[in-house]
Structures are given as C-alpha cells and as structure tokens.
Amino acid sequence: MTITPLQHMFIATSLVTVKMIFTNMGLGNARIKANTRAPEDATMVGGTQDWGESQQKRDDSVEFAILKRWERIINNDVENIPMQVMLFWAIYFVLVEANASTDIAIYSFWAFVTSRILFSIFYTFQVQPFRTIAFATGLLSVFVALGNAARTIFF
C-alpha cells in the first residue's frame, strides 16, 4: 500500500501530537512526585500536594530537579511544535496548490518530527550534545522546507 503525501502529513502530525501528550503525562507525574499539584489533588494522587510551597524550600531535591527538566521540555515543545506544524501544513497546501512536488516538504516534516522526539528523549536523559543536535536538526528541517517552497513558488 502506498501512503499518499496527505497521509504522510496526517501521520506525522498525529505522531508529534502523541509525543506531546506523553511529554505532558511525564510532567504530570513529575508534579505528583514533587508535590506541586493542587492541595485537593492529594486525595487522588497521594503525597502532600501544596502547589510546591514546601518543595520550594528544598530546591536541591531530586524530585524538584526532575520537575524543572520536564517543565523545560514542555516549554520548548510549546514554543516550537505548534507553529512549525502549522507552517509545514501551510507549505504542503501551497505546494499542492502550485501543482508542485511535496516530497521535500514531507521529508523535512518527518525530519522535524523525528528530531522533536529525539530532543525530548535526550533532554529527559540529559544527553548532550545530542539534545542540541536534535534541536538544530529540527530547525534545519524547517528552513529546508521553507527554502524549497520559496524556490518552487518564486522561481
């Protein structure tokens, strides 16, 4: 079975969305362990959930460090993934409208999705310089797709 370009776009978008959901679940788990959930959540998740007020007195705790790591992963995802996914879809539709090949845009989108997954894994497990390489690869894939689209539309 051949996967169409539109199906590639859908699958890649779904995969990066599922990645964000799992990352959010990781953050939720870290918040539980660091006792930074709302006090009323203690009945469901246990611990002394107090918005992290007692935890902030122990900023050097392992739980708090893990929480900060997950928060930074989520912040980076929110800063990068939604806008780039919209951009890839816009590029795709522009290329389809121009009756041009979408191959480079799709390969670039897959590179972006793969790099974002790897970025989160490397950030979680504190793996440098691969975290930075994954991030840079994601950015590069955006510029490749943009450059290809501009070349196709204007030249």
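We count residues from 1, following the sequence as given.
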Practice prompt. Can you measure from CD1 (Ile91) to CD1 (Ile106) and round to the nearest 0.5 angstrom?
Written response: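 The distance works out to 11.5 Å.
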Item to complete: Rounded to the nearest 0.5 Å, what's the gap from CZ on Phe135 to CG on Leu139? Could you check?
Response: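 It is 4.5 Å, given to the nearest 0.5 Å.
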Show the nearest heavy-atom pair for residues [X] and [Y], with the distance to one decimal.
{"X": "Phe112", "Y": "Asn80", "value": "CZ-O, 4.2 Å"}
{"X": "Glu63", "Y": "Lys33", "value": "CG-O, 3.5 Å"}
{"X": "Arg69", "Y": "Thr124", "value": "CD-O, 3.6 Å"}

Could you give the side-chain donor-acceptor pairs of residues 5-16 under 3.5 Å, partners two or more places apart or in another chain?
unit_1: Gln7; atom_1: OE1; unit_2: Thr4; atom_2: N; d: 2.8
unit_1: Gln7; atom_1: OE1; unit_2: Thr4; atom_2: OG1; d: 3.3
unit_1: His8; atom_1: ND1; unit_2: Trp110; atom_2: NE1; d: 3.0
unit_1: Thr13; atom_1: OG1; unit_2: Met9; atom_2: O; d: 2.8
unit_1: Thr13; atom_1: OG1; unit_2: Trp89; atom_2: NE1; d: 2.7
unit_1: Ser14; atom_1: OG; unit_2: Phe10; atom_2: O; d: 2.9

So if you build clusters from Ile, Leu, Val, Met, Phe, Trp, Tyr with side-chain heavy-atom gaps below 4.5 Å, do [X] and [Y] land together?
{"X": "Val85", "Y": "Val113", "result": "yes"}
{"X": "Met83", "Y": "Leu87", "result": "no"}
{"X": "Phe88", "Y": "Ile104", "result": "no"}
{"X": "Leu95", "Y": "Phe93", "result": "yes"}

Ignoring hydrogens and angles, tell me if any N or O in the side chain of [X] forms a donor-acceptor pair with the backbone of [Y] under 3.5 Å.
{"X": "Asn76", "Y": "Arg72", "value": "no"}
{"X": "Gln49", "Y": "Glu40", "value": "no"}
{"X": "Thr102", "Y": "Tyr92", "value": "no"}

Practice prompt. Apply the test side-chain contact (heavy atoms from CB on, under 4.5 Å) to residues Ile133 and Phe130: give CA-CA distance (whole Å), side-chain angles for both, the deciding distance (0.1 Å), then the verdict.
Written response: CA-CA 5 Å; Ile133 292 168; Phe130 298 107; 4.2 Å; yes
Worksheet item: Linking Ile, Leu, Val, Met, Phe, Trp and Tyr through side-chain heavy atoms less than 4.5 Å apart, which residues share a cluster with Phe22?
Response: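 For the cluster that includes Phe22, the remaining residues are Val18, Ile21, Met25.
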Partner residues of [X] under the side-chain contact (heavy atoms from CB on, under 4.5 Å) criterion, sequence neighbours left out:
{"X": "Val94", "result": "Ile153"}
{"X": "Leu118", "result": "Thr114, Phe122, Ala134"}
{"X": "Ser120", "result": "Lys19, Thr23, Ile73, Asp77"}

Practice prompt. Evaluate side-chain contact (heavy atoms from CB on, under 4.5 Å) for Arg116 paired with Met20, printing each intermediate quantity in order.
Written response: CA-CA 10 Å; Arg116 291 308 306 182; Met20 286 187 74; over 6 Å; no
Item to complete: Indicate, with yes or no, if the rings of Tyr123 and Phe119 have centres closer together than 6.0 Å.
Response: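 Judged by ring-centre distance (under 6.0 Å), Tyr123 and Phe119 do meet the cut-off.
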Worksheet entry | Leu67: which of Ile32, Leu27, Asn35, Asn29 passes side-chain contact (heavy atoms from CB on, under 4.5 Å) |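 Only match with Leu67 under side-chain contact (heavy atoms from CB on, under 4.5 Å): Leu27.
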Discussion item. Is it the case that atom CD in Glu97 sees more than 12 heavy atoms from other parts of the structure closer than 6.0 Å?
Written reply: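 Counting neighbours around CD of Glu97, 12 or fewer heavy atoms of other residues, nucleotides or ligands fall under 6.0 Å, so no.
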Going by atom type alone, with no hydrogens or angles, which donor-acceptor pairs under 3.5 Å involve a side-chain atom of residues 142-152 and a protein atom two or more places apart or on another chain?
unit_1: Asn148; atom_1: OD1; unit_2: Arg151; atom_2: NH2; d: 2.7
unit_1: Thr152; atom_1: OG1; unit_2: Asn148; atom_2: O; d: 2.8

